[in-house]
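To start, the structure under review is shown below, and the notes come after it.
First listed ligand is number 1; within each ligand, the first listed atom is number 1.
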Amino acid sequence: MLEQSQTPLLTALKNCANQLDTAFYAPGHKRGQGTSVLLTELLGTQLFKADLPELPELDNLFNPEGVISEAQDLAADAFGAEQTWFLVNGSTSGIIAAILATCGTGDKILVPRNVHQSVISGLILSGAIAIFLQPEYNPTWDLAYSITPEILAQSLQQHPDAKAVLIVYPTYQGICGNIAEIAKITHEYNIPLIVDEAHGAHFNFHPNLPTPALKAGADLSIQSTHKVLGSLTQSSMLHVQGNRINRDRLSQTLQFVQSTSPNYILLASLDVARQQMATQGYNLISQTISLAQIARTKISKIPGLSSFGTPDFKPTSGCVNLDITRLTIKVSDLGISGYETDEILRQQFHVTAELPSLHHLTFIISLGNTETDINQLINALKTLSLQHPPNAIPHPLPNFFPTPDNLAPTPPFSCREAFFAQTETRPLKDCIGRVSAEIICPYPPGIPVLMPGEIVTSNALKFLQQVIALGAKITGCSDPNLQQLKIVKG
Ligand SMILES: Cc1ncc(COP(=O)(O)O)c(C=O)c1O
C-alpha cells in the first residue's frame with residue numbers, strides 16, 4: 001500500500017543537503033561554497049546545498065531504482081496512471097518523446113491544427129507526417145476548441161494506417177473536447193491516444209473538474225505540473241496506461257530530450273506537488289473553484305465584461321466541458337483589445353494575466369491564489385470598465401480564423417523535409433506558391449496558418465496581414481512583423 005503522505009525524493013534530498021560532505025563532484029559551486037553573492041542575495045544559501053547531482057542516495061532519473069522510482073510510483077497512483085515519468089524539461093520534452101516513441105519517419109499521426117509548437121518539434125525530429133485536423137471554432141469568442149469526434153472518425157477512415165492520434169485537452173482556455181469518444185474512435189484502429197494535458201494536471205483531484213485524460217481512456221498524457229499545481233517551473237509529468245505504448249522505447253526517447261544532469265530541486269518539487277495534491281487536493285481545489293466562481297459572478301455584473309462559460313455554458317461537439325478555474329474575460333466590448341487591457345492591468349493595477357489575446361485575456365486561477373488576489377482583479381476590472389465605458393460602436397475587432405480555404409490542399413513536404421531543406425528568406429510578395437520552411441501562427445486564435453512544408457498562398461498572406469493590422473501577435477516565425485518569410489530554396 002503506497003503512503004501518499006510520504007515524500008521519498010524530497011526526504012532523500014533534504015538528508016543529503018544537510019549532511020557534511022567534501023564535494024569533488026559537479027555542480028561547480030560545491031553546495032554553494034563558490035556561488036556568487038549576487039545569487040545568494042536573491043535565493044539564500046539552502047537552495048545551493050540542495051542543488052546536488054546523482055549521488056548514490058538520490059537515484060538516477062534514467063534508470064530509477066530508488067527514491068525516484070518510489071516517488072514516480074506514488075505519482076502514478078495519485079494521478080491514476082500505471083506508470084509515471086518525472087520530466088525536468090517541461091511538457092515540451094514529454095510531447096516530443098511521446099511522438100518519437102510512437103512514430104517513425106513517414107508514419108502518419110493525426111493532430112489538431114492548434115497544437116503547441118512542441119508537437120511541430122516532435123514532427124521535425126521524428127519525420128512523422130502530420131494529418132492536421134481543424135478544431136471547432138467559436139466566432140463569437142474567437143476561440144479555437146477541440147477537434148470533434150466526427151472529424152477524427154472521418155480522418156481515420158481516410159488514413160487507417162495512422163500510427164497515433166494526439167489531442168490538446170484542455171486548451172489554454174480550459175476548453176475540453178469529447179475525449180471519451182475520441183479515445184473510443186482512436187482505439188477502434190488499435191492505435192494510441194496521446195493527450196497534451198499540459199493545462200490539466202489538477203483534473204484528477206476534484207469531481208467538479210473535467211474528467212482527466214487517462215480516466216477518459218487516453219493511453220499517454222503529459223501534464224505541466226508546474227502550470228497549475230505547486231511544483232517548480234519546467235517540472236512536468238508523463239503518465240501512461242495500457243499496452244498501446246512501448247514503454248521501453250518511451251524511456252529511451254525521454255533520454256533524447258532531457259539533460260543527463262537533471263535538477264533535483266525540480267524533481268523534489270514534483271514529489272511534493274504530488275503529496276500536496278494527494279493529501280489536500282480536494283480542499284485546495286474546492287477553494288480554487290470557489291474563488292473562480294466568485295470572480296465569474298462579480299465579472300458578470302461589470303458593464304461591458306463577460307467571462308467565457310458564464311452564466312450559461314453551452315456544450316458543443318468540440319467543447320463538452322470547461323475547466324471553471326480558467327477565466328477568459330472578454331474586453332473588446334469596452335472598445336479596447338486584450339493586449340491594451342493587459343498593459344493597463346499591469347501598469348495601473350499590478351495585475352498580470354496569463355495570456356492576452358485580441359478580444360480577451362485568460363487568467364489562471366490556481367491553488368496559489370487568494371481572496372485578496374480576486375478582489376484586486378475585480379477592482380481593476382471595475383475601474384477599467386469605468387475608464388472605458390462599453391461602446392455603442394464597438395472597436396473594430398473582427399474575428400478571423402484560418403479556414404481550409406486559406407490553405408493549399410496537400411503539403412509537398414513533411415515538416416521535417418521543409419526544416420532540413422535549404423532555405424532562403426524572401427519578401428512576402430516573392431513567397432506565394434513557394435514552400436514555407438517555418439510555422440506562422442497568429443494569436444488569436446493560436447491556430448497556425450502555415451506549417452513548415454506547406455505552400456504559401458495569397459489567401460494565407462492576406463489573412464496574416466489583416467490580423468497583424470488588427471493587433472494580433474505572430475509567433476513561430478523568424479520575422480514576427482512578417483515583412484519576409486523563410487521558404488524552401490528552389
Ligand atoms: C497546450 C500546451 N502544451 C504544451 C506546452 C508546453 O509545456 P511546458 O511549458 O511545460 O514545456 C504548453 C505551454 O504553454 C501548452 O500551452
Legend entry - Closest protein heavy atom to atom 13 (C) of ligand 1, given as residue, atom name and distance to 0.1 Å: Lys227 NZ, 3.0 Å
Inset, instruction - Among all protein heavy atoms, pick the one closest to atom 6 (C) of ligand 1 and tell me residue, atom and distance. - result: His116 CE1, 3.4 Å
Inset, instruction - Between Asp196, Thr171, Val168, Thr92, flag the one that comes closest to atom 2 (C) of ligand 1 by a heavy atom. - result: Asp196
Inset, instruction - Indicate whether any N or O donor in one side chain lies under 3.5 Å from an N or O acceptor in the other, for Thr148 and Glu150. - result: yes
Legend entry - Contact check: Ser118 vs ligand 1, nitrogen or oxygen atoms, below 3.5 angstrom: no
Legend entry - Salt bridge flag under 4.0 Å for residues Glu82 and Arg244: no
Inset, instruction - State whether a side-chain donor-acceptor pair under 3.5 Å links His360 with Asp142. - result: no
Inset, instruction - May I ask you to identify, for Ser91, whether its side chain, its backbone, both or neither come under 4.0 Å of ligand 1 on a heavy-atom basis? - result: both
Legend entry - Close N or O approach (Asn89, ligand 1; < 3.5 Å): no
Inset, instruction - For the residue pair Tyr172 and His199, categorise the inter-ring angle as parallel (less than 30°), tilted (30 to 60°) or perpendicular (more than 60°). - result: tilted
Inset, instruction - Just need the protein heavy atom nearest to atom 16 (O) of ligand 1, so name the residue and atom and give the distance. - result: His199 NE2, 2.8 Å
Legend entry - Structural part of Gln234 in contact with ligand 1, heavy atom criterion under 4.0 angstrom: neither
Legend entry - Minimum side-chain heavy-atom gap Phe363-Glu354 below 4.5 Å: no
Legend entry - Pairing residues for Thr316 by the side-chain contact (heavy atoms from CB on, under 4.5 Å) criterion, not counting sequence neighbours: Glu136, Tyr145, Cys319
Inset, instruction - Can you sort out which atoms of ligand 1 are near His226, meaning under 4.0 Å from one of its heavy atoms? - result: 8 (P), 9 (O), 10 (O)
